[in-house]
Amino acid sequence: MAPHVLDDAALDALRSGFAGEVVAPGDPSYDESRTLFNAMIDRRPSVIALCETVDDVAAAIRFGRERGLEVAVRGGGHSVSGNALSDGGVVVDLRRMHAVVVDPAARTARVGGGATMSHLDRATQPFDLVTTGGRVSTTGVGGFTLGGGSGWLERKFGLACDNLAEAEVMTADGTLVRAAEDENPELFWALHGGGGNFGVATSLTLRLHPLPAATLAVLLWPPEAGPEVLRVYRALLASAPDEVGGGMLFLTGPPEEFVPEHMVGQLACAVVFTYAGTLDAAREVLEPLLALAPHGRMVAEMPYADLQSALDDPPGYRNYWSAEYLDDFPDAAVDRFCARARDMVVPSPSQHVLFPVGGAVARAPADYPLPWRRAPWVVHPFGLWADPADDERARRWAHDVRADLRQWSSGAVYLNFIGDEGEGRVIAGLGAHNLGRLARVKTEYDPENVFRLNHNIEPG
């Protein structure tokens with residue numbers, strides 16, 4: 001779709017007093033500025049406002065509203081749905097607002113709205129402090145946290161939003177408000193899972209936790225070993241300490257030194273094992289899996305920031321993801337899950353994943369709009385591929401994975417794990433019992449639904 005062409009006078013009006021950069025079609029940086037993680041998304045905004053200050057954010061929102069342009073908000077640009085861009089609209093791009101200020105005494109980090117996990121983790125690492133982040137370093141902190149925030153450390157330290165101490169939010173009318181337990185508490189509640197529905201999060205303050213050492217293990221077997229490996233993994237998790245994170249998955253064998261040559265480029269079964277602690281402590285828990293004689297193995301202690309970036313997903317691929325949260329994972333589910341891995345696009349960076357939840361996630365007493373947090377397991381078909389000819393196959397695989405496991409489903413879903421799957425899935429992600437309360441918060445802060453490019457909550 002061709003973007004709406006704004007005249008020079010309109011662009012000059014936005015540029016006047018704008019600390020950042022205003023990018024329009026025809027500018028040398030336009031195509032680079034509109035590139036997202038999901039290469040399937042090809043949207044052409046009328047203007048991209050690369051904000052450097054909160055005043056820039058207010059100006060960009062006001063510019064879009066005055067001209068009737070759809071407003072998109074970009075943090076990390078990692079969402080599979082591509083909602084960080086709008087065809088013909090204005091993009092409030094936060095990527096230049098990525099500063100992280102750590103207070104080691106208070107154990108908090110104030111994070112700019114455009115920061116990625118890498119910005120956050122590299123800033124906290126010198127103090128041996130961490131908070132739950134996404135499973136890759138390129139994810140934006142803002143969208144990740146406001147959607148709930150599931151990551152490697154969640155079983156030990158809770159979800160990212162459980163560690164949210166306060167947020168500064170630019171609302172649709174250009175007002176900067178603080179949300180915390182003692183100020184705008186209803187907005188603060190809604191930000192724990194409601195995403196970007198209520199405004200632009202220009203900064204977040206997150207609680208940090210001591211973590212001087214972390215351990216990562218990646219173990220690989222041939223795909224036919226999957227059912228046995230998964231049964232052992234399931235038993236291990238039943239009694240695992242909260243320090244254990246990771247997942248069991250099928251993937252294309254990567255060209256890494258620890259991977260046997262015959263497994264490179266072929267479907268493989270893997271366990272990614274993360275441990276919030278030392279290698280010696282991790283090895284004791286990991287022993288049942290090591291006893292299965294993996295064909296490829298890498299086990300190492302490392303700083304958490306290095307662990308967090310060790311398994312980054314490559315950009316530039318076509319993406320389709322989905323998820324199903326499960327109340328139970330019996331042997332029949334094990335067999336179905338493993339069998340369906342054969343339908344994944346291989347070779348590709350796709351992953352056929354089972355993540356454990358539990359631990360601090362399930363124990364949290366908070367009543368936040370996160371109905372999926374009590375489920376002990378989640379299956380996550382995570383599709384990345386290069387050839388458009390594989391589009392239908394990749395989508396069908398994701399849908400079939402969900403269908404295979406649905407009889408054990410809790411019915412809830414983490415919205416950051418899915419794209420646009422319809423209103424019913426949005427309700428499943430927020431909880432039907434929360435919708436009225438969320439709609440009231442939406443009405444107070446965004447009555448005209450300016451911020452609608454998301455898993456949308458309509459005012460009501």
Side-chain angles (χ1 to χ4, degrees), residues 1-2 30-45 74 76-87 134-140 218 220-224 226 247-256 259-270 272 296 309-324 336-355 379-405 416-422 425:
M1 175 180 174
Y30 177 75
D31 283 336
E32 180 183 358
S33 297
R34 69 184 184 89
T35 298
L36 298 179
F37 179 77
N38 185 355
M40 294 180 77
I41 308 300
D42 183 22
R43 295 178 185 156
R44 303 184 64 83
R74 176 170 184 160
H78 207 277
S79 167
V80 67
S81 61
N83 283 332
L85 295 182
S86 167
D87 261 332
R135 293 176 174 87
V136 294
S137 68
T138 54
T139 302
V218 181
L220 279 84
W221 295 264
E224 56 269 21
M248 186 275 186
L249 63 154
F250 291 83
L251 77 174
T252 299
E256 300 288 346
V259 180
E261 185 176 348
H262 71 275
M263 298 183 76
V264 174
Q266 305 299 313
L267 182 66
C269 164
V272 171
S309 59
L311 302 170
D312 281 355
D313 308 316
Y317 285 86
R318 305 172 76 79
N319 279 247
Y320 188 83
W321 323 333
S322 195
E324 201 71 46
R336 288 193 190 185
F337 175 78
C338 292
R340 187 60 70 180
R342 298 283 181 182
D343 294 339
M344 185 175 68
V345 177
V346 176
S348 79
S350 298
Q351 299 174 8
H352 184 74
V353 187
L354 173 77
F355 287 130
V379 289
H380 182 35
F382 184 77
L384 296 87
W385 67 97
D387 190 346
D390 286 325
D391 286 1
E392 182 181 350
R393 173 186 172 190
R395 287 195 187 97
R396 185 172 62 249
W397 157 66
H399 295 162
D400 287 346
V401 171
R402 285 190 57 211
D404 283 350
L405 282 302
N416 283 359
F417 270 176
I418 70 171
D420 183 2
E421 296 187 6
R425 289 282 270 174

Test of understanding: with side-chain hydrogen bond (donor to acceptor under 3.5 Å, both in side chains), list the residues that count as partners of Tyr320, not counting sequence neighbours. His399
Working to the nearest 0.5 Å, report the span between SG of Cys269 and CD of Glu224. 9.5 Å
For Ser81, all residues meeting side-chain hydrogen bond (donor to acceptor under 3.5 Å, both in side chains), sequence neighbours excluded: Ser79, Asn83
What closest approach, in Å, do Pro347 and Gly265 show between heavy atoms, and which atom pair accounts for it? CB-O, 3.9 Å
With heavy-atom distances below 4.5 Å as the criterion, would you say the side chains of Ser348 and Asp387 are in contact? no
Check whether any side-chain heavy atom of Pro349 sits under 4.5 Å from a side-chain heavy atom of Phe382, and report yes or no. no
Please tell me if the side chains of Arg135 and Phe355 come closer than 4.5 Å, counting only heavy atoms from C-beta onward. yes
I need the Ser86 OG to Arg74 CZ distance, nearest 0.5 Å. 13.5 Å
Go through the structure and list residues passing salt bridge (Lys or Arg N to Asp or Glu O under 4.0 Å) with Glu392, not counting sequence neighbours. Arg396
Using 0.5 Å steps for rounding, measure from the CZ atom of Phe337 to the CG atom of Leu405. 7.5 Å
Thr252 and its side chain to side chain contact (heavy atoms under 4.5 Å, CB included) partner, picked from Leu267, Val264, Val346: Val346
Would you say the side chain of Gln351 lies within less than 4.5 Å of the side chain of Trp321, judging by non-hydrogen atoms? no
Could Arg425 and Asp420 be called an ion pair, given the rule that one side-chain N must be under 4.0 Å from one carboxylate O? no
Stepwise side chain to side chain contact (heavy atoms under 4.5 Å, CB included) check, Trp397 with Val345: CA-CA 9 Å; Trp397 157 66; Val345 177; over 6 Å; no
Separation between CG (Leu251) and OG (Ser350), nearest 0.5 Å, reads 10.0 Å
Taking salt bridge (Lys or Arg N to Asp or Glu O under 4.0 Å) as the test, write out the residues that go with Asp391, two or more places apart. Arg318
With a 4.5 Å limit on heavy-atom distance, are the side chains of Arg44 and Arg34 in contact? yes
For Asp400, all residues meeting salt bridge (Lys or Arg N to Asp or Glu O under 4.0 Å), sequence neighbours excluded: Arg340
Between Phe37 and Pro314, the two heavy atoms sitting closest are CE1-O, 3.5 Å
Provide the closest heavy-atom pair for Asp313 versus Val136 in the form atom of the first, atom of the second, distance. OD2-CG1, 3.4 Å
Shortest non-hydrogen contact from Leu249 toward Val353: CB-CA, 3.9 Å
Side chains of Ile418 and Glu324: closer than 4.5 Å at any heavy-atom pair? no
Please report the shortest heavy-atom distance between Pro260 and Gly296, naming the atom on each side. CD-CA, 3.9 Å
Looking at Ser322, is its backbone amide N or carbonyl O close enough to the side chain of Arg402 to form a donor-acceptor pair, meaning the two atoms are under 3.5 Å apart? no
Please check if the side chain of Asn38 supplies one atom and the backbone of Asn319 the other of a donor-acceptor pair under 3.5 Å. yes
Beyond-backbone contact of Pro381 with Met344, side-chain heavy atoms, under 4.5 angstrom: no
Looking only at side chains, do Asp312 and Thr138 share a donor and an acceptor under 3.5 Å apart? no
Non-hydrogen atoms of Gly226 and Cys338 that approach each other most closely: C-SG, 3.6 Å
Checking Phe417 now: which residues fulfil ring-ring contact (aromatic ring centres under 6.0 Å, His included) with it, not counting sequence neighbours? His380, Tyr414
From Asp343 CG over to His352 NE2, what is the distance, rounded to the nearest 0.5 angstrom? 8.5 Å
Point-to-point distance, once rounded to the nearest 0.5 Å, from CZ of Phe250 to CZ of Arg342: 8.0 Å
Is any side-chain heavy atom of Val218 less than 4.5 Å from a side-chain heavy atom of Glu256? no
